[in-house]
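Comments concern the structure below.
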Amino acid sequence: MADQRITEISDLLEIPLYDRREALEELVTHELKSALLMEDDDYLAPDSVFFELGLTSLQLSEIKYTLDKVLGCEIEVAQLFNRPTIEQLVSYLSEHVIAEAFADPDADLHR
């Protein structure tokens with residue numbers, strides 16, 4: 001996928017449907033790397049467990065706040081604990097939180 005950083009939900013909706021999951025994964029990965037003080041080109045495995053990486057509850061809350069703001073929704077903080085890997089969190093977000101963006105290429109999430 002092109003190097004297009006998602007800064008709000010409309011950015012995600014402009015991406016072709018078949019690339020949206022990858023874009024969402026890149027967003028989540030970027031936020032985790034930022035919290036871990038990693039460089040963008042550092043590798044972070046999608047199945048790495050957040051707490052095993054050294055993330056604290058406070059850092060996860062900050063990531064949640066950023067994702068809420070970018071995606072224009074409210075993510076339950078418990079979901080970051082219940083889905084403690086990038087893969088699991090992206091699946092949850094794409095299937096439950098912003099599912100409209102993955103079901104319909106013309107989705108309008110601005111209610």
Side-chain angles (χ1 to χ4, degrees):
M1 198 188 90
D3 291 329
Q4 179 181 356
R5 179 118 328 132
I6 298 171
T7 59
E8 56 186 43
I9 192 68
S10 62
D11 295 337
L12 183 64
L13 295 174
E14 290 177 9
I15 295 170
L17 183 59
Y18 54 84
D19 282 335
R20 289 182 189 170
R21 185 176 170 93
E22 181 180 347
L24 181 60
E25 183 175 319
E26 287 177 9
L27 169 65
V28 172
T29 301
H30 172 77
E31 293 307 320
L32 288 167
K33 284 182 180 182
S34 179
L36 292 166
L37 304 176
M38 296 174 71
E39 299 293 326
D40 279 339
D41 58 349
D42 290 340
Y43 179 71
L44 181 58
D47 62 349
S48 299
V49 177
F50 301 152
F51 293 107
E52 291 175 5
L53 295 170
L55 283 171
T56 65
S57 297
L58 179 60
Q59 288 170 311
L60 280 177
S61 293
E62 291 170 354
I63 291 167
K64 175 224 172 303
Y65 173 77
T66 300
L67 293 175
D68 284 352
K69 184 177 170 188
V70 170
L71 299 176
C73 61
E74 179 76 24
I75 302 166
E76 295 178 32
V77 72
Q79 298 306 328
L80 277 78
F81 294 92
N82 294 339
R83 291 163 174 85
T85 68
I86 294 168
E87 288 176 335
Q88 292 172 348
L89 183 57
V90 168
S91 289
Y92 171 74
L93 294 173
S94 64
E95 294 169 13
H96 299 283
V97 178
I98 56 170
E100 298 94 350
F102 291 88
D104 179 0
D106 297 318
D108 182 7
L109 298 182
H110 301 286
R111 297 176 206 148

Q. What do the steps show when you test Ile6 against Val70 for side chain to side chain contact (heavy atoms under 4.5 Å, CB included), and what is the final call?
A. CA-CA 7 Å; Ile6 298 171; Val70 170; 3.8 Å; yes
Q: Report the C-alpha separation of Phe50 and Phe81 in whole Å, then their side-chain angles, then the decisive distance to 0.1 Å, and conclude whether the ring pair (Phe, Tyr, Trp, His ring centres under 6.0 Å) test is met.
A: CA-CA 8 Å; Phe50 301 152; Phe81 294 92; 9.0 Å; no
(Q) Using the rule given for salt bridge (Lys or Arg N to Asp or Glu O under 4.0 Å), can you reason through Arg21 versus Glu26, listing the C-alpha separation, both sets of side-chain angles and the distance that settles it, and then say yes or no? (A) CA-CA 9 Å; Arg21 185 176 170 93; Glu26 287 177 9; over 6 Å; no
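Here the closest heavy-atom approach between residue Ile86 and residue Ala45 is recorded as CD1-O, 4.1 Å. Nearest heavy atom pair, residue Arg20 against residue Leu12, reads NE-O, 3.4 Å. Closest non-hydrogen pair, Leu53 versus Leu36, comes out as O-CD2, 3.6 Å. Minimum heavy-atom separation, Leu17 to Ala101: CD1-O, 3.4 Å.
Proximity of a side-chain donor or acceptor of Thr29 to a complementary backbone N or O of Glu25 within less than 3.5 Å is detected. Remark: side-chain polar atoms of Ser61 are paired, donor with acceptor, to backbone N or O of Ser57 under 3.5 angstrom. A donor-acceptor contact shorter than 3.5 Å links the side chain of Asp11 to the backbone of Thr7. Between the side chain of Gln59 and the backbone N or O of Thr56, at least one donor-acceptor pair lies under 3.5 Å. A donor-acceptor pair is defined here as one N or O able to donate and one able to accept, closer than 3.5 Å; such a pair exists between the side chain of Asp42 and the backbone of Glu39. Judged purely by atom type and a 3.5 angstrom limit, Ser91 has no side-chain atom pairing as donor or acceptor with the backbone of Gln88. Judged purely by atom type and a 3.5 angstrom limit, Lys64 has no side-chain atom pairing as donor or acceptor with the backbone of Glu76. Panel note: side chain Arg83, backbone Tyr92; no donor-acceptor pair is recorded below 3.5 Å.
Contact check on Asp40 versus Arg5 returns a salt bridge, with a Lys/Arg side-chain nitrogen under 4.0 Å from an Asp/Glu carboxylate oxygen.
To the nearest 0.5 Å, atom CD of residue Glu74 and atom CG of residue Asp68 are 4.5 Å apart. Put simply, CD1 on Ile98 and CD1 on Ile9 are 4.5 Å apart, with the number rounded to the nearest 0.5 Å. For the atom pair Leu13 CG and Glu8 CD, the distance stands at 10.0 Å (nearest 0.5 Å). Atoms OG and CD, on Ser34 and Glu62 in that order, are 9.5 Å from each other to the nearest 0.5 Å.
Within the 4.5 Å cutoff, side-chain heavy atoms of Ile63 are placed close to those of Leu32. Considering only heavy atoms from C-beta on, Leu27 comes within 4.5 Å of Leu67 through its side chain. At least one side-chain heavy atom of Leu93 sits less than 4.5 Å from a side-chain heavy atom of Leu71. A heavy-atom distance below 4.5 Å is not found between the side chains of Val90 and Thr85.
Transitive grouping of hydrophobic side chains (ILVMFWY, heavy atoms separated by less than 4.5 Å) brings Leu55 and Leu44 into a common cluster. When hydrophobic clusters are built by joining Ile, Leu, Val, Met, Phe, Trp and Tyr residues whose side-chain heavy atoms come closer than 4.5 Å, directly or via intermediates, Phe51 is grouped together with Val28.
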